[in-house]
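Shown next, in structure tokens, is the structure this report addresses.
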Amino acid sequence: MRKWQKKVFGLSASAAVMLFVQTGLAEQNTDDLLLHKAIYDLRLNSSHQGAINSMGGQITYDLTSDCRGWLMANDLEMSVIYSTGQRMDMDLKINTWESLDGEKYRFTVKQDGNLSGQSGYIGKSSRSNDDNSVLAKITEPEKQSIVMQDVIYPTAFLKEIIQAAKNGETALNKVVFDGTAELDAFQASAIVLPNEDKNIPSALRGKASWKVFLAFYEVGAKNTLPIQEQKLTLFENGVVTSIDLDFGDFSVKGSLVDFEVHSAPQCE
């Protein structure tokens with residue numbers, strides 16, 4: 001799997017995983033993360049030196065909660081036709097669970113494609129109370145593990161992005177582990193700017209929103225170019241209405257085409 005494919009969702013476990021964690025889940029209010037399902041239609045935006053003739057696809061993002069943590073199901077289906085005539089079909093499924101306290105994380109990644117075949121893995125991660133280090137493990141199909149320092153999970157990172165936006169800050173840099181590239185973490189850089197779009201869905205009018213620019217880099221790599229870049233339109237309740245994904249050879253524009261709100265669980 002190419003590294004840009006591993007980062008196609010951005011963080012956790014997705015470009016749509018723009019989360020703001022709150023402690024109470026019994027009912028949703030204006031400050032809560034909105035539990036919802038969103039579907040984004042993907043279309044080719046640009047092709048570097050004509051490398052891509054056409055592409056199409058869809059991202060399905062589904063966020064729920066079990067009262068102990070956030071459950072996210074992400075499904076990317078994408079078909080790319082290169083100028084050489086070669087066709088790449090890919091179906092990438094990422095399912096994650098992150099505890100509300102940010103101490104534990106689980107992830108399952110499955111991919112199927114006409115060029116790469118079927119592959120997948122299951123893993124988990126936990127934070128040490130002693131030195132704040134993070135132990136990440138692949139449990140299936142082959143066991144492997146790594147200990148990382150100064151790493152945060154995706155929801156914690158995105159919580160900081162939204163809080164920074166509310167505080168008027170414009171930049172944030174963190175090392176993030178989300179399991180989308182097995183045991184590799186990523187240096188993630190976020191630039192937050194005001195959203196000047198006037199075309200806002202009626203259900204989101206009156207809510208603060210921002211343009212968020214994300215860039216993902218290999219940790220410690222000499223190459224200063226990002227593996228992948230994203231531009232998102234993010235609202236304060238966690239809803240993303242547009243996604244631009246830049247993979248280097250080509251860029252993709254994603255538009256929200258279907259949206260469904262989930263009921264919040266009744267938590268004791």
Side-chain angles (χ1 to χ4, degrees), residues 1-18 38-61 74-94 109-120 171 173 176 178 180-182 184 186-193 195-199 210-234 240-258:
M1 186 190 297
R2 299 178 182 178
K3 282 195 176 284
W4 65 259
Q5 294 172 342
K6 294 179 179 180
K7 286 315 304 167
V8 73
F9 284 110
L11 294 171
S12 81
S14 154
V17 186
M18 301 303 290
I39 298 177
Y40 304 87
D41 186 52
L42 303 179
R43 290 292 179 263
L44 183 66
N45 186 38
S46 65
S47 174
H48 180 63
Q49 297 182 345
I52 306 296
N53 278 347
S54 63
M55 71 79 55
Q58 191 174 84
I59 290 177
T60 301
Y61 165 76
N74 303 270
D75 187 1
L76 166 75
E77 297 178 353
M78 189 163 66
S79 180
V80 178
I81 299 178
Y82 292 88
S83 58
T84 60
Q86 184 183 47
R87 179 184 182 119
M88 181 195 72
D89 296 318
M90 182 177 68
D91 185 0
L92 179 62
K93 300 181 187 298
I94 300 175
V109 178
K110 295 181 180 180
Q111 185 199 14
D112 192 6
N114 65 319
L115 300 181
S116 60
Q118 293 184 345
S119 62
N173 292 278
V176 181
D178 64 8
T180 61
E182 297 184 359
D184 288 339
F186 291 90
Q187 183 72 46
S189 173
I191 301 297
V192 182
L193 299 176
N195 179 26
E196 298 179 352
D197 290 349
K198 303 300 182 182
N199 186 22
W210 306 273
K211 291 293 186 181
V212 179
F213 298 81
L214 292 169
F216 301 94
Y217 303 84
E218 290 186 64
V219 176
K222 296 181 180 180
N223 188 352
T224 58
L225 295 177
I227 298 168
Q228 198 227 12
E229 295 177 283
Q230 299 177 6
K231 180 173 73 173
L232 312 174
T233 302
L234 167 68
V240 172
T241 56
S242 67
I243 308 169
D244 289 354
L245 307 174
D246 190 339
F247 301 118
D249 289 342
F250 64 102
S251 65
V252 173
K253 181 174 290 292
S255 301
L256 182 66
V257 295
D258 197 9

For this session: For side-chain contact (heavy atoms from CB on, under 4.5 Å), just list the numbers for F250 and L44, CA-CA rounded to whole Å, side-chain angles, deciding distance to a tenth of an Å, and then say yes or no.
Result: CA-CA 8 Å; F250 64 102; L44 183 66; 4.0 Å; yes

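- Atoms CD1 and OH, on I243 and Y61 in that order, are 10.5 Å from each other to the nearest 0.5 Å.
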Exercise. When you look at I227 and E218, which way does the side-chain contact (heavy atoms from CB on, under 4.5 Å) test go after all the steps?
Worked result: CA-CA 7 Å; I227 298 168; E218 290 186 64; 3.3 Å; yes

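- A distance of 7.0 Å separates CZ in F186 from CG in D178, rounded to the nearest 0.5 Å.
- When only modelled atom types and interatomic distance are considered, S79 and D89 share a side-chain donor-acceptor pair under 3.5 Å.
- In this structure, CE on M90 lies 10.5 Å from CG on L115, to the nearest 0.5 angstrom.
- Across all non-hydrogen atoms, the minimal contact from A171 to I191 is CB-CD1, 4.0 Å.
- Residues Q228 and D246 are not in side-chain contact: their nearest non-hydrogen atoms beyond the backbone lie 4.5 Å or more apart.
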Problem set entry | Check against side-chain contact (heavy atoms from CB on, under 4.5 Å), L232 and T241 | CA-CA 8 Å; L232 312 174; T241 56; over 6 Å; no

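- Here the closest non-hydrogen pair linking R43 and G56 is NH1-CA, 3.8 Å.
- With rounding to the nearest 0.5 Å, the separation of CG in D197 from OG in S242 is 7.0 Å.
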For this session: Kindly determine whether F213 and Q230 satisfy side-chain contact (heavy atoms from CB on, under 4.5 Å), including the steps that lead there.
Result: CA-CA 6 Å; F213 298 81; Q230 299 177 6; over 6 Å; no

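- For the atom pair M78 CE and L92 CG, the distance stands at 9.0 Å (nearest 0.5 Å).
- Looking only at side-chain heavy atoms (C-beta outward), Y82 and I52 come within less than 4.5 Å of each other.
- The shortest side-chain heavy-atom distance between Q187 and N173 falls under the 4.5 Å cut-off.
- Taking the side chain as every heavy atom from C-beta outward, Y217 and P226 approach each other to under 4.5 Å.
- A side-chain N or O of T233 and one of K211 form a donor-acceptor pair less than 3.5 Å apart.
- Side chains of L256 and V240 form no contact here, defined as non-hydrogen atoms less than 4.5 Å apart.
- Shown here for A188 and V176, the closest heavy-atom pair between the two residues is CB-CG2, 3.9 Å.
- S46 and S251 form a side-chain donor-acceptor contact under 3.5 Å, judged by distance and modelled atom types alone.
- Not one N or O on the side chain of D75 forms a donor-acceptor pair closer than 3.5 Å with the backbone of I59.
- Residues meeting the salt bridge (charged side-chain N to carboxylate O under 4.0 Å, His left out) test with D258, sequence neighbours left out: none.
- Note that CD1 of I94 is 9.5 Å distant from CD of Q111, once rounded to the nearest 0.5 Å.
- A search for salt bridge (charged side-chain N to carboxylate O under 4.0 Å, His left out) contacts involving D91 returns K93, not counting sequence neighbours.
- The side-chain heavy atoms of M55 and V252, taken from C-beta on, include a pair separated by under 4.5 Å.
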